[in-house]
Amino acid sequence: MNNRLTQTLRSANRNGKKLFCAYVTLGFPRLSVTEALLPVLEKAGVDILELGFPFSDPLADGPTIQFASEAAIKQKVRLQHAFHLIRKLRKKGFRIPVLLFSYLNPVMHYGISQTLRQLRQSGFDGLIVPDLPPEEGRMWEPWFKRHQLSLVYLVAPTTPAKRIREIANRSSGFVYYVSLKGVTGSRRALPLDLKRKLKTVKQNTRKPVLVGFGVSNEKQARAISEVADGVIVGSAIVSRLKRGEKAIQSVRSFVSGLVRSIR
Amino acid sequence: MKSAREVQTLGKKPDERGHFGIFGGRFVPETLMEALRELTRTYRMLKRNTKFQLELKHYLSTYAGRPTPLYEAKNLSAVLGRNLRIFLKREDLCHTGAHKINNTIGQGLLARYLGKKRIIAETGAGQHGVAAATAARLFNLECDVFMGSEDMKRQALNVYKMNLLGARVIPVHSGAKTLKDATNEAIRDWVTHVDTTHYLLGSVVGPHPYPMIVRDFQSVIGRETKAQFKKVARTSPDYLIACVGGGSNAIGFFHPFLEERVKLIGIEAAGKGLNTSKHAASLRKGTIGVLHGMKSFVLQDREGQVQLAHSISAGLDYPSVGPEHAFLKETGRVRYESATDEDALYGFHILTLLEGIMPALEPAHAIGYLVRRARSFPRGSKIAICLSGRGDKDLDVVRKFKVKIPGAPSS
């Protein structure tokens with residue numbers, strides 16, 4: 001597999017650099033804001049971008065991303081918008097790897113092979129599907145390979161060691177470790193045994209492990225990056241997008257702070 | 001035409017990974033995978049455990065009121081003519097007024113064997129919520145029920161019942177604030193409290209093993225019907241008809257007959273008509289998709305966003321359907337038809353007037369369909385209908401509509 005994501009992961013691994021991955025919902029609060037925001041995130045030091053496609057029934061998401069998804073759906077956001085946006089930004093020199101974060105249904109409805117082809121052509125590097133466990137994803141893995149797209153699987157605190165190995169083995173690029181039992185969204189405190197669990201995950205794979213769900217401040221990001229290869233922040237960014245005209249400015253300084261905290 | 005071999009294996013689904021043909025499966029966040037595996041393991045063990053089965057049987061007979069009668073509706077049959085013989089499987093006589101209790105007693109017992117102290121449930125009209133809250137009392141479990149805030153307004157009496165039963169009803173304000181969103185919220189709660197909580201799903205939907213477990217607990221309906229039919233009519237029925245929302249009463253009714261020469265008809269809610277956008281006919285009008293952890297037919301728009309279902313009966317108001325129904329449709333084993341809101345109201349009144357039985361609006365769809373299509377059944381057909389619940393809960397809705405029944409005594 002060779003794409004922007006695998007290149008970024010390899011170079012981070014060589015330099016011992018911790019990675020920062022940002023999630024934003026496409027079309028929240030408006031498509032034009034997403035378009036203006038992505039280059040700002042790149043400049044603020046984001047290494048990997050997860051572009052969230054809104055779904056009517058986001059069962060892994062907490063209130064923040066539910067709200068953003070509903071708002072984006074009201075604006076009739078379509079998968080085509082995601083393809084257009086990334087293609088346009090790539091032409092303008094947007095370099096960091098981009099993963100589409102989507103529940104299975106919209107992608108399946110569009111057609112898996114059609115989606116993968118268009119993702120590749122428009123400059124995406126992979127896909128994260130929170131409701132697609134490896135058992136059900138297996139049949140599509142060869143298609144991802146053919147398009148040089150990474151299919152990132154998730155590991156949870158409830159995943160037994162043997163299964164961690166299986167999932168990590170099949171996950172392409174990195175392993176997405178879900179920090180807590182629950183849905184996405186900021187948490188004041190992360191689980192006490194997070195570091196211990198993370199060590200177990202790290203012992204069971206040589207692939208990079210990035211940690212998401214609940215991460216919302218510099219202290220948490222720093223603590224996690226001591227054990228993991230990077231952090232993923234979503235809801236804490238999305239909630240700042242509600243701040244009207246100051247939204248982008250506020251996200252910029254928030255993300256810069258987070259990036260500094262793990263370097 | 002299906003080969004004999006295919007017919008023989010229809011009742012043996014799902015496979016190890018929970019697939020009914022291309023449908024079913026497990027499409028959930030990884031956090032739940034281990035809990036689903038544990039549930040599958042425990043359930044498979046209990047299925048063969050005599051003590052569990054005896055205990056289940058005990059509660060079904062002494063608490064839920066099983067077996068329910070099979071009643072020959074001679075007045076209705078006479079009006080329909082053509083020597084048709086109509087039989088009603090009286091699930092409306094179950095404790096709490098519907099078939100839902102068969103499943104909640106089964107899963108309540110299962111929760112106890114799993115060592116879980118808390119159950120959660122989703123509910124639309126509140127029937128499953130009440131049945132779950134009831135089972136929670138019986139087995140001394142803590143119970144939280146998720147219900148759309150819109151539905152709570154429409155079904156205030158059932159909310160009150162659940163409160164009386166000591167359950168906490170948690171309003172769901174997200175999305176469309178109905179059953180689909182309550183189900184999302186129940187799954188989110190389960191992801192968070194998976195160690196201590198059993199998710200008591202109310203229909204044959206969701207990730208494997210739920211469609212299998214709920215079907216097994218509801219199959220008591222079909223097994224009893226089969227035995228009772230032999231006794232009463234000395235033969236098998238020619239047709240079985242049941243309404244389909246998520247599809248639990250229909251699967252329970254049909255399943256023991258899948259490998260026999262009985263014609264099976266599932267009735268979906270056509271709402272204001274299949275050519276409008278206001279219906280709940282996922283099988284007839286939906287497309288293949290993934291919702292609530294299963295692959296099945298889903299009512300969705302061009303972007304793959306799930307759409308709202310509509311039916312006069314809250315119990316059929318769901319934008320998808322159990323994966324086994326999807327499979328039975330694709331194999332052609334079950335024929336899926338539909339009945340409109342108007343048909344259902346007509347069915348309600350006709351059964352009330354002719355037989356003195358007020359059906360819930362869900363099975364009233366099956367009655368309405370039968371009455372409308374009576375002439376399409378061969379003379380002398382023996383037809384069994386699953387009367388899945390009683391109508392008390394729907395009287396406020398029924399009252400709002402005036403329906404003219406020809407030949408009815410004037411009020």
Side-chain angles (χ1 to χ4, degrees), chain A residues 53-63 66-67 69-70 72-74 76-81 102-111 115 129-139 153-160 163-164 167 171 175-185 213, chain B residues 16-19 22 24-38 172-176 180-197 206-208 286-296 298-308 319-320:
Chain A
F53 186 73
F55 180 47
S56 53
D57 297 84
L59 47 76
D61 284 304
Q66 285 175 41
F67 178 87
S69 302
E70 277 180 41
I73 289 170
K74 274 192 197 126
K76 306 215 184 300
V77 165
R78 307 168 54 192
L79 265 176
Q80 289 284 357
H81 290 128
S102 172
Y103 287 85
L104 184 57
N105 195 59
V107 169
M108 212 170 83
H109 193 67
Y110 195 79
T115 306
V129 187
D131 56 350
L132 184 70
E135 285 86 344
E136 300 288 351
R138 182 186 288 274
M139 58 182 288
Y153 286 123
L154 295 88
V155 166
T158 49
T159 312
R163 187 172 162 83
I164 294 176
I167 296 178
S171 189
V175 176
Y176 189 136
Y177 182 71
V178 176
S179 75
L180 46 81
K181 290 176 207 136
V183 292
T184 60
F213 281 46
Chain B
E16 273 299 305
R17 291 194 295 138
H19 291 134
I22 64 160
R26 260 180 206 154
F27 298 89
V28 292
E30 171 61 25
T31 312
L32 293 180
M33 288 300 280
E34 192 50 30
L36 291 170
R37 278 159 37 144
E38 187 201 352
V172 175
H173 299 289
S174 59
K180 153 181 108 70
D181 311 282
T183 307
N184 292 334
E185 210 50 41
I187 294 174
R188 290 181 188 120
D189 182 289
W190 199 33
V191 172
T192 311
H193 303 104
V194 62
D195 299 332
T196 55
T197 298
H208 178 61
T287 50
I288 293 175
V290 168
L291 179 68
H292 297 149
M294 61 175 171
K295 189 194 268 192
S296 186
V298 178
L299 296 177
Q300 53 187 325
D301 69 11
R302 281 180 47 210
E303 305 308 319
Q305 306 295 354
V306 179
Q307 291 188 304
L308 289 190
S320 185

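Sequence lines set the chain letters: A, B, ... in the order given, protein chains first and strands last, and positions in each chain run from 1. All values below were derived from every heavy atom in this structure, side-chain atoms included, with hydrogens, water molecules and symmetry-related copies excluded.
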Steps toward side chain to side chain contact (heavy atoms under 4.5 Å, CB included) verdict (A/His109, B/Glu303): CA-CA 7 Å; A/His109 193 67; B/Glu303 305 308 319; over 6 Å; no
Begin from the C-alpha positions of A/Asp131 and B/Val290 and carry the test side chain to side chain contact (heavy atoms under 4.5 Å, CB included) through to its verdict. CA-CA 9 Å; A/Asp131 56 350; B/Val290 168; 4.3 Å; yes
Stepwise, does the side chain to side chain contact (heavy atoms under 4.5 Å, CB included) test hold for B/Thr192 with A/Lys181? CA-CA 5 Å; B/Thr192 311; A/Lys181 290 176 207 136; 5.7 Å; no
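Between chain B and the options A/Leu180, A/Val77, A/Leu154, the largest number of non-hydrogen pairs under 4.5 Å is found for A/Leu154. Chain A forms more heavy-atom pairs under 4.5 Å with one residue of B/Val194, B/Val298, B/Asp195, B/Thr287 than with any other, namely B/Asp195. Ranked by heavy-atom pairs shorter than 4.5 Å toward chain B, the options A/Gly137, A/Pro130, A/Ser69, A/Pro157 are led by A/Pro130. In terms of non-hydrogen atom pairs under 4.5 Å with chain A, the most contact-rich of B/Val28, B/Ile187, B/Asp181 is B/Val28.
Distance check: B/Gln305 CD to A/Lys76 NZ gives 10.5 Å after rounding to the nearest 0.5 Å. Going from atom CG of A/Asp61 over to atom OG of B/Ser174 covers 11.5 Å, rounded to the nearest 0.5 Å.
Residue A/Phe53 touches chain B through its side chain alone, counting heavy-atom pairs closer than 4.5 Å. Neither the backbone nor the side chain of B/Gln307 comes within contact range of chain A, judged by heavy atoms closer than 4.5 Å. Looking at B/Ile288, the atoms closer than 4.5 Å to chain A (heavy atoms on both sides) sit in the backbone and in the side chain alike. Both the backbone and the side chain of A/Phe55 come within less than 4.5 Å of a heavy atom of chain B. Both the backbone and the side chain of A/Pro58 come within less than 4.5 Å of a heavy atom in chain B. Neither the backbone nor the side chain of A/Val107 comes within contact range of chain B; no heavy atoms are under 4.5 Å apart. Interface residue B/Lys295: only side-chain heavy atoms are found under 4.5 Å from chain A. Proximity to chain A involves both the backbone and the side chain of B/Arg302, based on heavy atoms less than 4.5 angstrom apart. Only the backbone of A/Leu79 has a heavy atom closer than 4.5 Å to any heavy atom of chain B. Interface remark: B/Thr183 contributes no atoms to any contact with chain A (heavy atom separation under 4.5 Å). Contact annotation for B/Asp189: neither backbone nor side-chain heavy atoms come within less than 4.5 Å of a heavy atom of chain A.
When only modelled atom types and interatomic distance are considered, A/Gln66 and B/His173 share no side-chain donor-acceptor pair under 3.5 Å.
When side chains are defined from C-beta on, B/Leu291 counts as touching A/Asp57, because their heavy atoms get closer than 4.5 Å.
Not one N or O on the side chain of A/Thr158 forms a donor-acceptor pair closer than 3.5 Å with the backbone of B/Glu34. Distance alone, capped at 3.5 Å, places no donor-acceptor pair between the B/Arg188 side chain and the A/Gly62 backbone. A/Ser56 places a side-chain N or O within donor-acceptor distance of the main-chain N or O of B/Val306, the cut-off being under 3.5 Å. Not a single donor-acceptor pair under 3.5 Å links the side chain of B/Asn184 to the backbone N or O of A/Leu59.
In terms of heavy atoms, A/Thr159 sits closest to B/Glu30 at OG1-OE2, 3.0 Å. Smallest separation of non-hydrogen atoms from B/Gly289 and A/Met108: CA-CE, 3.6 Å.
Partner A/Glu136 forms a side-chain hydrogen bond (donor to acceptor under 3.5 Å, both in side chains) with one of B/Arg26, B/His19, B/Arg17 and no other, that one being B/His19.
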